[in-house]
Amino acid sequence: MTTTPAQIHRLPASAAPSGMLAELIERRIPGMSLEAPFYTSEEVFDLDVAEIFAKHWIFVATEAEIPEPGDYLTINIGPHSVILLRDDDEQVSALHNVCRHRGARILNEPAGSVGNLVCGYHHWTYSSDGSLLHADSQPADFDRSAFSLRTLAVRTVAGLVFVCLSNSPPQDFDAYAKRIEPYIAPHALARTKIAAQEDIIEDGNWKLVMENNRECYHCEGHPELSCSLFPTYGYEEGGLPPRLRPAYNRYLGADADLKLTSEANALPYARIEELRQGATGFRIQREPLDGAGESFSPDGKLVCTKLLGEFDEPRLGRLSMHLQPNAWFHFLSDHAVTFSVLPLAAGKTALRTTWLVHEDAVEGRDYDVQALKRVWHRTNAQDGTFVARAQLGISSPAYLPGPYAPNEYQVEDFVCWYINRLRAGTGAAGESGEEQ
Ligand code: FES
Ligand SMILES: [Fe+2]
């Protein structure tokens with residue numbers, strides 16, 4: 001019997017929300033944290049995977065992680081396993097890690113290097129573009145061309161790698177890429193290498209990990225980060241508590257200096273903040289750092305003496321980007337650090353942190369890897385504790401949604417974006433977003 005490609009490629013229907021979920025989405029109160037099931041229910045988790053992670057562009061890696069043809073990563077996005085592969089043409093391709101014979105997972109390591117892709121079960125063999133090259137013991141009329149590995153959309157922008165599991169990825173990604181590229185390109189990620197990478201599993205829903213990232217209300221819990229990141233992040237001048245006034249005054253001076261330095265080095269610095277809009281919500285801005293203003297360190301001085309790209313000015317602050325739904329980034333003069341959040345279960349989330357330095361930087365001479373990692377290694381651990389506490393409290397029947405403060409406006413932006421995307425994806429009533 002012949003199987004048609006139409007039958008083979010039929011996709012599972014997206015997860016339509018049950019009545020209970022549709023009502024939860026509908027009655028979300030602007031300015032307040034979400035109701036508990038958004039963080040604790042496996043049904044919401046499945047909806048999040050189907051509507052958010054399978055329909056949007058997801059930041060998963062940097063090109064520097066797969067520098068040579070044959071280098072690959074396997075990335076798990078909920079139940080999906082994706083192979084990211086540098087192919088023979090040196091392009092990054094993305095394939096579903098599911099054998100077209102009887103479905104076995106083909107690559108089982110998180111990273112490595114391959115020639116052809118060989119399934120370990122019955123040894124079907126695929127080329128790096130997913131074509132089926134060899135399948136033993138099939139009848140003479142077996143049509144190999146009907147059983148290539150399934151591909152998915154992949155984009156690279158200034159050395160960052162994004163995938164989209166949908167057959168019709170969001171169209172606004174081109175405009176996003178065009179706008180961020182001039183900001184990031186001078187940091188020359190194509191000429192970096194991975195100095196360190198850490199994966200941690202957080203005991204909390206993926207949205208709590210993201211919400212926690214989007215405010216600095218809790219930054220007193222980050223003594224290492226607060227040496228270089230101004231604790232005034234997210235505040236309007238009128239809403240500053242008196243204790244932050246000295247830091248805010250330092251921030252104003254450092255920001256004025258950074259604008260001059262950016263202009264002198266032809267670096268874009270202006271804030272673009274479109275966190276609620278469209279499918280690919282984002283924010284990007286070059287912002288000053290405290291102390292010496294150079295890097296994330298106890299005194300704000302460099303943690304790698306070999307600067308990125310063609311930079312000869314160390315005091316470039318942090319070019320920071322927030323991207324919905326799952327990532328944030330800091331690009332500095334001496335290194336870059338990227339963060340990718342991937343959902344594991346309603347109460348479990350993977351956070352991958354990657355530190356990149358110039359490809360010619362030498363460990364022990366130009367940088368000490370422990371010093372390079374220190375601020376975000378410690379900050380991630382502290383944030384993990386906050387996220388776990390939030391998950392525990394929200395899991396109590398006593399939990400009620402609470403109000404966001406003005407300096408948590410980006411948490412509200414994230415939640416509005418999330419609710420809007422659920423409504424857009426599931427056909428629920430109108431978008432929210434004008435509440436502020
Ligand atoms: S499942 Fe892969 S070769 Fe059989
Ligand atoms: Fe934090």
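Counting starts at 1 for both ligands and their atoms, in listed order. Computed from a predicted model, the values in this text were never measured in an experiment. The analysis underlying the following values was restricted to heavy atoms, covering all of them including side chains, and did not include hydrogens, waters or symmetry mates.
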Tell me whether His122 has at least one N, O or S atom under 2.8 Å from atom 4 (Fe) of ligand 1. yes
Considering just N/O/S atoms, say which atom of His101 is closest to atom 4 (Fe) of ligand 1. ND1
How wide is the angle at atom 2 (Fe) of ligand 1 between SG in Cys119 and SG in Cys99, to the nearest 10°? 110°
Which atom name does Asp383 have for its N/O/S atom nearest to the Fe ion (ligand 2)? OD1
Keeping Asp87 on the side-chain end and Ser93 on the backbone end, is there a donor-acceptor pair under 3.5 Å? no
If only atom types and distance count, is the side chain of Ser297 paired as donor or acceptor with the main-chain N or O of Lys301 below 3.5 Å? yes
Enumerate the atoms of ligand 1 whose separation from the nearest heavy atom of [X] is less than 4.0 angstrom.
X: Trp124; value: 3 (S)
X: Tyr121; value: 1 (S), 4 (Fe)
X: His123; value: 3 (S)

Ala104, portion touching ligand 1 at heavy-atom distance under 4.0 Å: both
Is there an N/O/S atom in Cys219 at a distance below 2.8 Å from the Fe ion (ligand 2)? no
Got a sec: is Cys216 within less than 2.8 Å of the Fe ion (ligand 2) via an N/O/S atom? no
Can you tell me how far CD of Glu287 sits from CG of Asp255, rounded to the nearest 0.5 angstrom? 8.0 Å
Do Lys207's NZ or CZ and the ring of Tyr39 fall within the cation-pi criteria of under 6.0 Å and 45°? yes
Among His123, His134, His122, exactly one meets ring-ring contact (aromatic ring centres under 6.0 Å, His included) together with His101. Which residue is that? His122
Check this for me: does any side-chain nitrogen of one of Glu363 and Lys193 sit under 4.0 Å from a carboxylate oxygen of the other? no
Atom 1 (S) of ligand 1 - nearest protein heavy atom and its distance: Arg102 N, 3.4 Å
If only side-chain N and O atoms count, and only distance matters, is there a donor-acceptor pair under 3.5 Å linking Gln391 with Arg389? no
On the 0 to 90° scale, with breaks at 30° and 60°, tag the Trp124-Tyr126 ring pair as parallel, tilted or perpendicular. tilted
